[in-house]
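Just so we're clear, the structure is a prediction, and the values are computed from it rather than from any experiment. Here, residue 1 is the first one in the sequence, and each next residue gets the next number.
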Amino acid sequence: MMNSPQEWPEPIVRVQSLSDSGVSSIPERYIKPPTERPSFCHVIGSERSVVPEAAAEAEGNIPVIDMSGLQSEDGLVRAETMRIVSESCREWGFFQVVNHGVSPQLMDRALQIWREFFHLPAQDKQLYANSPKTYEGYGSRLGIQKGAILDWSDYYFLHYLPLSLKDQNKWPHLPSNCREVIDEYGKEVVKLCERLLRVLSLNLGLKEEFLQNAFGGKEIGACMRVNFYPKCPQPELTLGLSSHSDPGGMTLLLPEHQVTGLQVRKANSWITVKPAPHAFIVNIGDQIQVTPTFFFFILKNIYLYFLYLW
């Protein structure tokens, strides 16, 4: 296997520094081709066409699932909650979960910790600058292609599990108690992912630990990526994060409160997600593929991702 490069092909420019400098136009390397630029419309096939706002609203939000139904004493409520999860996986591959067991206070603390980190002085954040060797730490680009068109965002990436990949040297020391909050948050999100994997297994008629074991059991992989999207003077020309599919098995996203921007694709249309209060957005990743008949195809060496957005 080829060794990963040790350094970036070009000097790194922090998007936050560009935004804070008050530039009136974005540098050329952030300008997306016309077909990849954002649009307040739906995509029909390969053509962009404007859809009236009312029609967009009619398509609704991704499903919002109350996970407390899984603990209900009423068997019909449990069965209906399982059915909704199954249908959401088949029809969307995305859904939101509420009453999921992760403390709202912990979610708020995690968001606040990262908010404070990205507003630290530049020299403090630079202590954790990453490299393309592992991508762990404070970063502003992905990929090593020289001259590549970049996204308008900075980020922080960490390995959380397995413990053999967890490098405490990459974990920020500031703001105070951030390591404790990040670690507590990570533990609770992994527990939630494990509960979701059990639900998916049972929906397949399998033993509830089947998917957990297929992912490595107690050696499951988990990573954390925190995306920060600074104010952009020309948002119509660029994207905070280019369209993509997630390479892991499952992604849990924690959006900033009441901030929209995440879009998901359904039947050749892009739908803007409306985050529910203290909900996680769940994305079934590339490593778990769902067919219309709800069969899963599982690949090995998969990772479980959980991210913050905004």
Listed partners of D66 passing salt bridge (charged side-chain N to carboxylate O under 4.0 Å, His left out), at least two apart: none
Please confirm whether the ring centroid of F117 lies under 6.0 Å from the ring centroid of Y156. yes
Specify the closest pair of heavy atoms between P275 and P255, including all atoms of both residues, with the distance to one decimal. CB-CG, 3.7 Å
Return yes if a side-chain donor-acceptor contact under 3.5 Å exists between N203 and S86, otherwise no. no
Strictly distance-based, threshold 3.5 Å: is any side-chain N or O of R78 a donor or acceptor partner for the main-chain N or O of L70? no
Hydrophobic cluster of V77, others only, ordered by chain and residue number, side-chain cut-off 4.5 Å: none
Short question: side chain of R195, backbone of M67 - any donor-acceptor pair under 3.5 Å? no
Under 4.5 Å between side-chain heavy atoms, chaining through other members, with only Ile, Leu, Val, Met, Phe, Trp and Tyr counted: pull out the rest of the cluster around V64, sorted by chain and number. V98
Are the side chains of V189 and F280 in contact, using a 4.5 Å heavy-atom criterion? yes
Taking the side chain as every heavy atom from C-beta outward, state whether F210 and L200 have any atom pair closer than 4.5 Å. no
R115/E256 under salt bridge (charged side-chain N to carboxylate O under 4.0 Å, His left out): CA gap, chis, key distance, verdict: CA-CA 10 Å; R115 218 179 276 123; E256 186 68 88; 2.5 Å; yes
Where do W8 and G143 come nearest, in terms of heavy atoms and distance? CZ3-O, 3.5 Å
Tightest non-hydrogen contact, residues R141 and Y135, listed as O-CE2, 4.1 Å
Report yes if the side chains of L163 and E219 come closer than 4.5 Å at any heavy-atom pair, otherwise no. no
Under a single-linkage definition using a 4.5 Å side-chain heavy-atom cutoff for Ile, Leu, Val, Met, Phe, Trp and Tyr, are V23 and L239 assigned to the same hydrophobic cluster? no
Would you tell me whether K218 and Q212 have side-chain atoms, one donor and one acceptor, within less than 3.5 Å of each other? no
Side-chain contact test, heavy atoms from C-beta onward, threshold under 4.5 Å: evaluate it for E87 versus W92 and give yes or no. no
Please determine whether side-chain contact (heavy atoms from CB on, under 4.5 Å) holds for the pair Q96 and V273, giving the CA-CA distance in whole Å, both sets of side-chain angles, and the decisive distance to 0.1 Å. CA-CA 9 Å; Q96 298 187 68; V273 175; 4.0 Å; yes
d(I284 CD1, C89 SG) to nearest 0.5 Å is 4.0 Å
When you measure from the side chain of D124 to the backbone of L120, do you find a donor-acceptor pair of N or O atoms at a distance under 3.5 Å? no
Compare all side-chain heavy atoms of S88 with those of I65 and state whether any distance is below 4.5 angstrom. yes
With sequence neighbours left out, the residues meeting salt bridge (charged side-chain N to carboxylate O under 4.0 Å, His left out) with R14 are none
Within a reach of under 6.0 Å around CD of E236, are more than 12 heavy atoms found that belong to other residues, nucleotides or ligands? yes
Taking the six-membered ring for Trp, are H159 and F157 closer than 6.0 Å centroid to centroid? yes
Atom CD of residue position Q145 - does it have more than 12 heavy atoms of other residues, nucleotides or ligands inside 6.0 Å? no
Interatomic distance, CG@L252 vs CD1@I281, rounded to 0.5 Å, equals 9.5 Å
Could you tell me whether the side chains of R109 and Q112 share a donor-acceptor contact shorter than 3.5 Å? no
Tell me whether W114 contacts the main-chain N or O of I182 through its side chain, where contact means a donor paired with an acceptor under 3.5 Å. no
Taking D151 for its side chain and S242 for its backbone only, find out whether a donor-acceptor pair lies under 3.5 Å. yes
State whether the side chain of R37 and the backbone N or O of T238 hold a donor-acceptor pair below 3.5 Å, judged by distance alone. no
Please walk me through it: do L196 and F95 pass side-chain contact (heavy atoms from CB on, under 4.5 Å)? CA-CA 12 Å; L196 288 167; F95 53 93; 4.3 Å; yes
Looking at T272 and Q263, would you say the former's side chain and the latter's main chain have a donor-acceptor pair under 3.5 Å? no
So do N177 and I113 actually touch side chain to side chain, heavy atoms under 4.5 Å? yes
Please round to the nearest 0.5 Å and tell me the distance separating atom CD of E209 and atom OG of S201. 7.5 Å
Reported CD-to-SG distance for the pair E188 and C193, which is rounded to 0.5 angstrom: 11.5 Å
With distance as the sole test, does N61 use its side chain to make a donor-acceptor pair with the main-chain N or O of K274 at under 3.5 Å? yes
Do NZ/NE/NH1/NH2 and the carboxylate oxygens of K133 and E7 come within less than 4.0 Å? no
What residues join L18 in its hydrophobic cluster, counting side-chain heavy atom gaps under 4.5 Å, either direct or through other members? V13, V15, I26, Y30, I31, L150, W152, L237
Is it the case that the ring center of F118 lies less than 6.0 angstrom away from the ring center of F228? yes
Thinking salt bridges, do K187 and D183 make one under a 4.0 Å N-O criterion? yes
Quick test of your reading of the model: are E10 and R29 salt-bridged, counting only N-O distances below 4.0 Å? yes
Starting at CD1 of I220, measure out to CG of L211 and round the result to the nearest 0.5 Å. 9.5 Å
All heavy atoms of H100 vs all of A279, minimum pair found to be NE2-CA, 4.2 Å
Shortest non-hydrogen separation from I12 to S140 and the atoms involved: CG2-CB, 4.0 Å
Is the ring centre of W171 less than 6.0 Å from the ring centre of Y138? no
Rounded to the nearest 0.5 Å, what separation is found between the OG atom of S24 and the CD atom of Q234? 7.5 Å
Report the C-alpha distance between L111 and L254 in whole Å, list the side-chain angles of each, state the deciding distance to 0.1 Å, and finish with yes or no for side-chain contact (heavy atoms from CB on, under 4.5 Å). CA-CA 8 Å; L111 283 169; L254 173 60; 3.8 Å; yes
Y128 and L174 have their tightest heavy-atom pair at OH-N, 4.4 Å
With the side chain counted from C-beta on, respond yes when P172 and C178 share a heavy-atom pair under 4.5 Å apart, and no when they do not. yes
Any heavy-atom pair between the side chains of V282 and M250 that's under 4.5 Å? yes
Under 4.0 Å between a Lys/Arg side-chain N and an Asp/Glu carboxylate O for E194 and K191? no
Counting N and O atoms only, with roles assigned by atom type, does the side chain of S19 sit under 3.5 Å from a partner on the main chain of K231, one being a donor and the other an acceptor? yes
In terms of side-chain heavy atoms, does N130 have a donor or acceptor partner in Y155 at a distance below 3.5 Å? yes
Between R225 and N227, is there a side-chain donor-acceptor contact under 3.5 Å, judged purely by atom types and distance? yes
Non-neighbouring partners of P33 that pass side-chain contact (heavy atoms from CB on, under 4.5 Å), sequence neighbours left out: T35, E36, I149
Counting N and O atoms only, with roles assigned by atom type, does the side chain of H278 sit under 3.5 Å from a partner on the main chain of D108, one being a donor and the other an acceptor? no
